[in-house]
Amino acid sequence: MSYRDTYAAWQSDPEGFWLDAARKIDWDRPPSRAFFDGGPAGEWFADGTLNACWNCVDRHVEAGRGDQLAIIHDSPITRSYRGITYAELRDRVASLAGALRAKGIEKGDRVIIYMPMVPEALEAMLACARLGAIHSVVFGGFAAHELAVRINDATPKAIIAASCGVEPGRIVHYKPLLDRAIDEATHKPDFCVILQREQEVAELTPGRDVAWHSFQYGVEPAECVPVEGNHPAYVLYTSGTTGQPKGVVRHTGGHMVALAWSMKNVYDIEAGDVFWAASDVGWVVGHSYICYGPLAVGATTIVFEGKPVGTPDAAAYWRVIQNHRVKSVFSAPTAIRAIRREDPDGTLIGDYNLRHFKTLYLAGERADPDTIQWAEEKLGVPVIDHWWQTETGWPIAANPVGIELLPVKHGSPSVALPGYDVQVLDEEGHPVPPGTLGAVAIKLPLPPGTLPTLWNAADRFTKSYLSHFPGYYETGDAGYIDEDGYLYIMARTDDVINVAGHRLSTGAMEEVLSAHPAVAECAVIGVADSLKGQMPLGFLCLKKGTNTPDTQVVKEVVGMVRDQIGPVAAFRTACVVDRLPKTRSGKILRATMVKIADGQPFNTPATIDDPAILDEIATALRAVGYPQHA
Ligand code: COA
Ligand code: AMP
């Protein structure tokens, strides 16, 4: 069936379409229907029961895939390699789940996971799924404060962490970060499980911490606990406009159905294939396409602990693809830009045998046509830009390679996938003609696998996503659809920025900057960056009578963001200015400052309080090297 026919089949009978897709999943009790009213925006497969771990692990062993590799850990950063078969994975996960159960973890309990890219991170997720516990993975590049915020919101009974992570040139001391976070949080977990890594063995806190291996000793392995289709599989926090992250909830039934559907139809991956999502378990890409998606269909997934460049060189990707016979790779455009910068002619690619490699998928940020073209030319495979968000859990728009490879249009993530009625709206919520820029929205209901609500914040869910355009989910992205139905995602409509494929809130950074005793007022914007897509840049107005030199204040706020949000924020530049440009009603003109920093033409807003401030901003930006190409 063609893409058009598949999309039309969904449009004419969404219930039938998704019930059919649900047959790829093992149910303890099959759902009687696909869509149910319930929650703020409906739910999927609510009366079915299933277990995600069974679907991702045990059933493949039963089907005779026990000896096939489920996970390959390729870690150039620790110079190690390890393979885990499906049979081994089942035993390891059942044992870990048994130990968690013995310490009181049950269906519905929350468990925070704070781990680097090691297979045990996936095992921890799957062990929670086995018990029906709700995991919340926190990215290792976040600092203790961000972890504490998530501990308070998710109120976990347990935290599973590793002793350390390994980044180029430094060890990330997870255990002290964890201790600081627990000290800061008002909620305290009952216990912590610590995976000791040989790069740094952590001191355990008596009475609270147990070691990964010893706490599993002698326990009864746990069987899979069936849960309802609308039972939360996990909560994943993502950046919103404020410092309080949004806890995106994922329901088990829709999660499994949508991932299994997308593995085949988007990524063209089936049982026995090798799939590599070069991301991190702390992001949604890691949840969907390092852990649950490939395993749901019986493929082999790669857990890569390294970087596209520097571990040790710009050939890391090609080596992994060759050595593990990877069929498809999912990465971020920034990683390809990093590789290209080091190896502009793609010389290193020629050193590797990439005959098993069929497709490169890119997402996480806008894929600039130049990068796509380079990758197409050097790799000789289709390069597929696709668009989605933490909230949706799987692609909204893609070139559906598993159905058919549609003509590629550079700069476009191609077409809406079945389940998504994507429309571009004007400010009043009316659909705009093709080619016209507007807010990208999805007509409700959202498909299976997308967020049904926010953790502990149903009102915020409605306010953030459903209230601006009644009847639609607001994506927060701006873009347009061309005459052929291809979508173009151009920018965010809110204060979220995208740094190296990582989604960050400028509002959260502003909250940190304003806490500096010398800062009277501040603003953070995202400026264009040739490697990372965007970089945060701060403006500081200092309190009258401040004696601390400007450079010192800047140094201190840079340290504060690193300390409180984490190194991943990549906040390195701030300029001190006398005042910020504002409208007469007091709104800071961030969009105008972005245009000045990016060297783009702009109109002085009619509502501006004092146009002369824009010259002051331009001068301050020039002093720190912006616009970059000027
Ligand atoms: N734990 C602890 N720290 C982490 C971390 C983790 N899991 N991941 C990143 N960091 C740190 C880095 O060490 C770096 O710290 P530094 O300031 O001390 O150097 C900082 O966070 C910024 O990291 P990163 O954004 O990775 O930038 P980089 O300069 O180290 O590398 C790229 C640049 C382009 C190679 C890198 O960003 C990359 O691989 N990007 C791919 C992005 C991706 O896969 N995104 C997933 C979304 S699909
Ligand atoms: P995250 O929730 O971290 O996955 O970030 C989602 C946001 O990243 C989207 O709302 C977009 O702003 C941006 N994004 C992701 N993929 C793409 C893409 N292919 N093209 C343009 N922007 C993208």
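Start at 1 with the first residue, then count along the sequence. Both counts, for ligands and for their atoms, begin at 1 and track the order of listing.
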Q: Pick whichever of Lys307, Glu365, Glu342 has a heavy atom sitting closest to atom 30 (O) of ligand 1.
A: Lys307

**Q.** Distance-only N or O hit between ligand 2 and Gly364, under 3.5 Å
**A.** yes

Q: From atom 16 (P) of ligand 1, work out which of Arg341, Glu167, Arg562, Arg337 has a heavy atom at the shortest distance.
A: Arg562

Q. In the protein, what heavy atom is nearest to atom 48 (S) of ligand 1, and what distance, to one decimal place, separates them?
A. Val285 CG2, 3.5 Å

Q. Looking only at heavy atoms of Ala278, does any of them come nearer than 4.0 Å to an atom of ligand 1?
A. yes

Q: Examine Glu391 against ligand 2 and note whether any of their N/O atoms are separated by less than 3.5 Å.
A: no

Q: Name the option, out of Ile489, Val284, Asp477, that contains the heavy atom nearest to atom 11 (C) of ligand 2.
A: Asp477

**Q.** Element-labelled atoms of ligand 2 that are located less than 4.0 Å from some non-hydrogen atom of Arg366
**A.** 20 (N), 21 (C), 22 (N), 23 (C)

Q: Tell me which protein heavy atom sits closest to atom 23 (O) of ligand 1, plus the residue, atom name and distance to 0.1 Å.
A: Lys532 NZ, 4.3 Å

Q: State the atoms of ligand 2, each with its element, that fall below the 4.0 Å cut-off from a heavy-atom position in Asp385.
A: 18 (C), 19 (N)

Q.
As a check for students: among Ile171, Ile336, Leu531, Thr334, identify the option with a heavy atom nearest to atom 41 (C) of ligand 1.
A. Thr334

Q. Trp283 to ligand 1: N or O pair under 3.5 Å?
A. no

(Q) I want to confirm something. Looking only at heavy atoms, which of Pro168, Gly282, Ala332 is nearest to atom 43 (C) of ligand 1? (A) Ala332

Q.
For atom 17 (C) of ligand 2, which of the options Met490, Glu365, His502 provides the nearest non-hydrogen atom?
A. Glu365

Q | Proximity flag Trp283 to ligand 2, non-hydrogen atoms under 4.0 Å | A | no

Q) Could a heavy atom of Ser279 be found less than 4.0 Å from some atom of ligand 1? A) yes

Q: Check whether any N or O atom of Arg503, backbone or side chain, sits under 3.5 Å from an N or O atom of ligand 2, and answer yes or no.
A: yes

Q.
Taking distance alone, with N or O pairs closer than 3.5 Å, would you say Arg492 contacts ligand 2?
A. yes

Q. Do His502 and Glu365 have side-chain atoms, one donor and one acceptor, less than 3.5 Å apart?
A. no

Q. Near Asn498, which atoms of ligand 2 are under 4.0 Å from a heavy atom of that residue?
A. 8 (O), 13 (C)

Q. Considering only heavy atoms of His386, which atoms of ligand 2 have at least one such atom less than 4.0 Å away?
A. 16 (N), 18 (C), 19 (N)

